[in-house]
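Numbers here simply count residues along the sequence, with the first being 1. As a basis for the values below, the full set of heavy atoms in this structure was taken, side chains included, without hydrogen atoms, waters or symmetry mates.
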Amino acid sequence: MRHKFPPLLLVLSLATGASGQQAAKTSSAGSGVERLRAHVTRLASDEFDGRRTGTKGAEMAARLIAAEFGRLGLRPPSGPEVHREGDGKQKAAADPGTYFQSFPYVAAVELGGKNAMSFTARAGDAPQNAHAAAGVDLRVGEDWTPLAWSASGRVERAGVVYVGYGIKAAELNHDDYAGVEVKDRVVLAFAGTPDGDNPHGQFARFADLRFKASAAREHGARALVVVTREDNFKDDKLTRLRPDEGVAAGDAGLPVVLVSRQVARRAVEAAALPLVTFEKLEQSANEKVAAGATQGAGARANHSTPLKHIAFQIETDVVRREAPAYNVVGVLDGSDAKLKSEAIVIGAHYDHLGRGGQGSLAAREGEVHHGADDNASGTAALMELARQFAAAKGRPRRTLVFVAFGGEEEGLLGSNFYVNKNPAHALPQTVAMLNMDMVGRLKDDRLIVGGVGTAAEWKQIIERSNGPLRLDVTADGRAPAAGEGAVPVVNDINGRVIVSGEPRRPFALTLNEDGFGPSDHSSFYARQVPVLFFWTGTHEDYHKPTDTAERINYEGLARVTALVGDVTRAVDAADRRPTYALAKTTPGAGRSAAGFRVYLGTIPSYAEGGEGMKLDGVRDDSPAAAAGLKAGDVIVRMAGRDVKNVYDYTYALGEMKAGVEYEVEVVRGGERLKFKLTPAARK
């Protein structure tokens, strides 16, 4: 068993002096750094095509990681312990495929064979010129298309109502549905918002069409028809069928289709509204909002208009294709007869953004997003730590589980599946999860560590691990498992090293207490596992093709890797597991919280679709917890609105007010339950 040395001997060991520092410097620039460089360079190469989950590039990356786990002698999650030769090498590596943990993933969305749309004159009330519109069949892919997250269904000759931008925003006193009946009709709305292209405008968060779909469904619409912003239909990026988080969350609950501006213009002309043209309708949406800014709430009245005399007939047939998606899991069994039943998970996601699209910040699609920092850097550190622990003469006392997660960029899909469906080691016996995401751009020694409030011991462990000198001592005759820069400090009478030291420069740490955040550790903290999250911060190449291997600080990456290794050893050396603690948090911090006036404390699941919105977790000090909500609950109705997915939930959240009691209905264990919840004001 190894221990950190007492402070007195820390001072004594400084006698190693310059020779020890030189040894550390030489080793730091040697094989450890070069191994990290080789891993990052390979994963971030064009060969892996950006590692988008569900693609060949991601599978190639998974196989590379699995092959490395096998070469190191880690066992597959369901396989037997790998026995070793006397020199520490395993007899035979396992089949790389056995390290794969498959999880469901929608990789492609295709049109089925039953897509059709037309608009016709309504019998009995057609104007004199409506014959021009009678029986107009539209061409799918040319005039219109269903969206990827549209429900499949059929709408028979339904009346049409124009609703401006289709936005309902209580906090902005704006309602495009006010005063008009849309039940059982088709809603026609423009894409975008009155803010135009301003990403910081007051309506910015209402631009997402999934929120517009929620508003349309709440008002009883049969379908939502959205008019493109581009004159050329195929130039509009919304016309491209592709999966995203909206697909993972399930369909919209009604058909949602995109139509060209030319089709919308013909429909408006066919309706023959007095003195109304397509251009005037579009202009009116912006003018009334602008007037509201100076004339007060009354000016922001609805500008909805029934398009009399015409009807839409719509049939949507959307097929979602699943593709192989994997976590890669390797296990190093512990050596202690009792403590080997406990596990420390060390994780990093290996997926990235492919050639752009959803999640990319690049100006255009098509270029390989290399993802060297995000997150080839963390994956390389994961493999290097697996090598260090597997190669050590003395195994850790606890079991180490190394996991390269897939699907992180699509909403923590892989880690969510791991904790909820198929953990390699029982979660109650998982004592800690250490996550590395974007650890390759160390600058000025600044390192951010999140989750330090999730265990009572974390701050002390991190402080000791970040000291200016790392010392390892053994009392059983085995050599300490020191890093490559270590030099002997104390030998026993037989000449064996019993204390080694490694001089190094401490990090300038920024410590964040919250266990939730936009990476895979959140999935574990939601299941009450203490977590730590290591990252070196964002940069101008984030989610762009320019996040390339040559921009990585490899010496810095080696230092971060060493720190994570030391924290792992400290957890392993302690007889008691880290004590789970409720971390302090800023109310409302989370992936979908920005812009809302109220705070509930729920952690939505982004990995599962279906009827309702599943909760990955509930903050213990939150209004949701006080109401009685729990992790695993599926919210199906909130504040008087049906909830089919996370977008419906977010839509309802935007309508809620602090201090007002609302009813929430959830499904728990097959039973439908009702709770009273009072949101808190966002601080």
What I want to find out is whether R387 reaches E384 closely enough, with some N-O distance under 4.0 Å, to be called a salt bridge. yes
So, are R577 and E457 salt-bridged, with charged N and O less than 4.0 Å apart?
no
- Message: In terms of relative ring orientation, are F524 and Y418 parallel, tilted or perpendicular, with 30° and 60° separating the classes?
- Response: tilted
Item to check | L677 side chain near L629 side chain, heavy-atom distance below 4.5 Å | outcome: yes
Aromatic plane relationship, F69 with F402 - under 30° parallel, 30 to 60° tilted, over 60° perpendicular: tilted
Heavy atoms of N327 and F405 approach each other most closely as OD1-CA, 3.4 Å
Check: Is atom CD of Q460 surrounded by more than 12 heavy atoms (other residues, nucleotides or ligands) closer than 6.0 Å?
Finding: no
Side chains of T399 and H425: is there a donor and an acceptor less than 3.5 Å apart? no
R51 to Y350, cation-pi by 6.0 Å centre distance and 45° axis angle:
no
* Asked: Within a strict 4.5 Å, meaning less than it, do heavy atoms of the R75 and D333 side chains meet?
  -> yes
Residues D547 and D374: closest non-hydrogen pair is OD2-N, 3.2 Å
Within the 4.5 Å heavy-atom criterion, are L412 and S522 side-chain neighbours or not? yes
Looking only at heavy atoms, the pair that brings T561 and A381 closest together is OG1-CB, 3.3 Å
Notebook entry, point to check: When you look at L427 and T430, which way does the side chain to side chain contact (heavy atoms under 4.5 Å, CB included) test go after all the steps?
Noted result: CA-CA 5 Å; L427 283 185; T430 299; 4.1 Å; yes
By salt bridge (Lys or Arg N to Asp or Glu O under 4.0 Å), E342 pairs with (sequence neighbours left out) R398
query = Is it true that D648 and R641 make a salt bridge, defined as a side-chain N closer than 4.0 Å to a carboxylate O?
reply = no
I'd like to check T568 versus L385 (side-chain heavy atoms, cut-off strictly below 4.5 Å). Are they in contact? no
Heavy-atom nearest pair, A627 first then K676, reads CB-O, 3.2 Å
Check your understanding: Does some side-chain heavy atom of R551 sit less than 4.5 Å from a side-chain heavy atom of R441?
Key -> yes
Could you walk me through whether V431 and Y580 satisfy the side chain to side chain contact (heavy atoms under 4.5 Å, CB included) test, starting with their C-alpha distance in whole Å, then the side-chain angles of each, then the deciding distance to 0.1 Å, before giving a yes or no?
CA-CA 9 Å; V431 303; Y580 171 81; over 6 Å; no
Report task. Give a yes or no on whether E663 atom CD has more than 12 heavy-atom contacts from other residues, nucleotides or ligands under 6.0 Å away. Result -> yes
Salt-bridge test for E410 and R52: reply yes if a basic N is under 4.0 Å from a carboxylate O, no otherwise. yes
Assess the pair Y326 and Y99: is the distance between their ring centroids shorter than 6.0 Å? no
Is there a side-chain contact between P623 and T678 (heavy atoms, below 4.5 Å)? no
Looking only at heavy atoms, the pair that brings A348 and N375 closest together is CB-ND2, 3.6 Å
- Query: Would you call R397 and D575 a salt bridge, taking side-chain N to carboxylate O under 4.0 Å as the test?
  - Reply: yes
Handout entry: Side-chain touch V666/I635, heavy atoms, less than 4.5 angstrom
Key = yes
Heavy-atom nearest pair, A558 first then V33, reads CB-CG2, 3.8 Å
- Task: Report yes if the side chains of L615 and I603 come closer than 4.5 Å at any heavy-atom pair, otherwise no.
- Result: no
| Aromatic rings F533 and W535: how do their planes relate, parallel, tilted or perpendicular, breaks at 30° and 60°? | parallel
| query | Is the number of heavy atoms from other residues, nucleotides or ligands within 6.0 Å of CD (E540) greater than 12? | reply | no
- prompt: Is the NZ or CZ atom of R569 positioned over F389's six-membered ring, under 6.0 angstrom from the centre and within 45° of the axis?
  reply: yes
